[in-house]
Number of protein chains: 4
Amino acid sequence: MFKCEGFRRRRKAERPGEILDAAFEAFAERGYAATRLEDVAARAGVTKGTIYVYFPTKEKLFEDMVRSHSAGLLSDADTLVAGIEGASGEKLRSLLHFLYGRCVEDRRGREILRFMIAEGKNFPQLVAEHYRDFVVPLLSMVSALLEQGVATGQFRADLCRETVRIVIAPTLFLGVLRLIFGDAPPVDEEAYVDAHIDLTLNGLLANPLGA
Amino acid sequence: MFKCEGFRRRRKAERPGEILDAAFEAFAERGYAATRLEDVAARAGVTKGTIYVYFPTKEKLFEDMVRSHSAGLLSDADTLVAGIEGASGEKLRSLLHFLYGRCVEDRRGREILRFMIAEGKNFPQLVAEHYRDFVVPLLSMVSALLEQGVATGQFRADLCRETVRIVIAPTLFLGVLRLIFGDAPPVDEEAYVDAHIDLTLNGLLANPLGA
Amino acid sequence: MFKCEGFRRRRKAERPGEILDAAFEAFAERGYAATRLEDVAARAGVTKGTIYVYFPTKEKLFEDMVRSHSAGLLSDADTLVAGIEGASGEKLRSLLHFLYGRCVEDRRGREILRFMIAEGKNFPQLVAEHYRDFVVPLLSMVSALLEQGVATGQFRADLCRETVRIVIAPTLFLGVLRLIFGDAPPVDEEAYVDAHIDLTLNGLLANPLGA
Amino acid sequence: MFKCEGFRRRRKAERPGEILDAAFEAFAERGYAATRLEDVAARAGVTKGTIYVYFPTKEKLFEDMVRSHSAGLLSDADTLVAGIEGASGEKLRSLLHFLYGRCVEDRRGREILRFMIAEGKNFPQLVAEHYRDFVVPLLSMVSALLEQGVATGQFRADLCRETVRIVIAPTLFLGVLRLIFGDAPPVDEEAYVDAHIDLTLNGLLANPLGA
DNA sequence: CATGAATGAGACTTCATTCAT
DNA sequence: AATGAATGAAGTCTCATTCAT
């Protein structure tokens, strides 16, 4: 009996998370407006009413879902960068690989990007948070890495502030391609990543191509 | 009197275009599902029923709108590239500037990109057409330019097929940034474009940095 | 040229009739409410607007159509009956055959019956006219025939007023069957008519009338 | 309190039936196409949305309504016929009275007939079911009765298969008259029924069968 | 007379939200 | 907490009717 209670209690504690997961799938598949709360409920294995126990409106459910799924996307990036030994080029390579993992391979990251593009206009608060919690940290991370490379003479000294965005642009753009063309976009992703790093480094290095 | 006749006829001929323009604005602003046909009608200065004189369903209206607005995005790109004199680097610079104009500055181009990302899943036909009519031509254009540069020895000989996508990625990514952050994204666009071209060229040139 | 004018004029004179014919087909096929004026127009080879040149409303079109198609259903019945020589039984047989022709074989007659049943509630005037112009004359015709048979001793003397309806009931009921089950109802129509006449004249009993 | 619980549950169980009843009234009054779901809802004391809790479309509501109201029209006919003592003539008289009750007096029976005639074309499945569940059983019932009468020598031996339809035709035709002319048709129904039975049993001829 | 573009009321249907149980 | 019946506002789409040409 109390086994059941325990089970019940555990279920109860997990309900919000299950609903958020279901909401992610549903919203990602059809978009905010076209998603019915009943779809979310069915996916979560509950009924419509239950959603309202935890989330007051559809909008709030969407916002909480985006927050819960975008949180932690960059959580271990710092330690990753810090832990890498080697030249700045190697560090950048590692960071870009990490980024590809989080923004392209990981469905969560990709779909968050879609939410920003597709629904951002109706959820400006969400965009602001995303900028603060994801864009800014990411940019400063790459920025620091570039500056370090400049300081050590491995990178050209004349890099400007926007260079950092150029460096990561192909990464996120591959995410966009996946969003548009599905899981099998007309891209050789491995070659794409190699070309990206190669082009970026040979453009960045103070003395490229062994000159 | 025949002025009136002309008036009627001219209105009739212009109606579909006016509706498509209104549809573009409305769909761009709220997304497909959240847009009410009444909004489109009001913007076009007609009533709901009038839309159905020209378009059988909301879906068809959306599709025709995307087609009409994506057509011609690349129309004069060929002549542009052909008309440019100078080194391959200069040609690429011109082409990228042209692309920035069409995919970033021009609201039409940007919003088409948003439609592909946000609604593509529900309009696969549209995505296929976009790929065929926009992506493929664009890629071969850039591709031809790169190959020409390789042939003349100005570009590195070891470029791979995906390099072409890397080259244009920052362009379209700036479009994405605008889509997310509005018309005033946290980017210095002029510096961004310069950094893009600089980074790309110095990565592409066989003997960069005057070496 | 005036050949064309003549053609035009002839066409013009025929237009209302063509529209009424088209209306008959359309209303018979889908019912009053479900029929679109555009269907009628298409069938008549004109446009919606033209219908309004001749008929002020959909209701009026329907009423006029029913009137034009129910008129003359009984027109030559009198002469038919008058022209028949022979016993009353033979005369009745002829009249019933005539009725089968008009109410069962003839699609017009059948569909008028359907209109009365299906739409009569919304067109009481039409029902009243139908009663006056079709039902009453038909009943008195059969009535007269029966009375004549009684007078000559060929028919039983104890027939009541309602007998006349009983006599024609199977005729119209076959029409109903056709309306319900289409042009191939589950009935052997020839045997049905024979059985009708036989039963009407002779009855079921082996030794009728207490003989 | 548990009274309230019961109240909710009982309502829930009764809702579909209430809606079907309301639908019957509404569709009978105006026909399928002209009936608005809002009319049905108002009659049932609910709102439009509630109808969709139980019936997915207007079509399905109509079909289910016809089914629910045509079911049981013939349910106790067998026992009735079986329970009647007496000559075949008496049995037939009883059966016809029963039929008059079900197809003429009972509004349900009459309106089902109207639905078949008026809407059958758009609901062929419904017509097929009606034929299978009502027409066929009715015909075999009357058929058996006639054959029994023939076997006992009370009925003529030369009856054909269609005779059975002729026998019941006036019954259903009276239903049709009521459908057309309302609850007060220009018929003396009592005399009509008597004349029907009398004529069916005895026929018109003073000296039938060539006697 | 004939056209057909335009209208707008109104139909069916959906779905976020509420609330008694 | 969880349910799901019920709501009603709002959306897409239809179509009888009008009217400038």
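Model, not experiment: these values are computed from the prediction. Residue numbering restarts at 1 for every chain, and letters A, B, ... go by the order of the sequence lines.
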Measure from the side chain of C/Thr50, starting at C-beta and using heavy atoms only, and say which of F/dT3, E/dA5, E/dA2 lies closest. E/dA2
Figure out the CZ/P separation between B/Phe62 and F/dT12, and round it to whole Å. 14 Å
Please report, rounded to the nearest Å, how far the P atom of E/dA11 is from the CG atom of D/Leu61. 16 Å
Spacing of D/Arg15 atom CZ relative to F/dG4 atom C1', expressed in whole Å: 13 Å
E/dC1 C1' sits how many Å from C/Ile19 CD1, rounded? 11 Å
CZ of B/Arg30: more than 12 outside heavy atoms within 6.0 angstrom? no
Hey, which sits more toward the 5' end of DNA chain F by its nearest nucleotide, D/Ile51 or A/Val53? A/Val53
A/Lys58 NZ/CZ over A/Tyr32 ring centroid, <6.0 Å and within 45° of normal: yes
Smallest separation among heavy atoms of C/Arg15 and C/Thr50, with atom names: CD-CG2, 4.5 Å
In the structure I gave you, are the side-chain heavy atoms of C/Arg67 and C/Glu129 within less than 4.5 Å of one another anywhere? yes
How are the rings of B/Phe24 and B/His69 set to each other: parallel, tilted or perpendicular (split at 30° and 60°)? parallel
So, OP1 or OP2 of F/dA1: does either fall under 4.0 Å of a side-chain N or O from A/Tyr54? no
Heavy-atom protein contacts under 4.0 Å, nucleotides 12-17 of chain E, coded B base, S sugar-phosphate only, - none: SBBSBB
Who does E/dT17 pair with, Watson-Crick or G-U, both distances under 3.5 Å? F/dA6
What orientation do B/Phe62 and B/Phe123 show, parallel under 30°, tilted 30 to 60°, or perpendicular over 60°? tilted
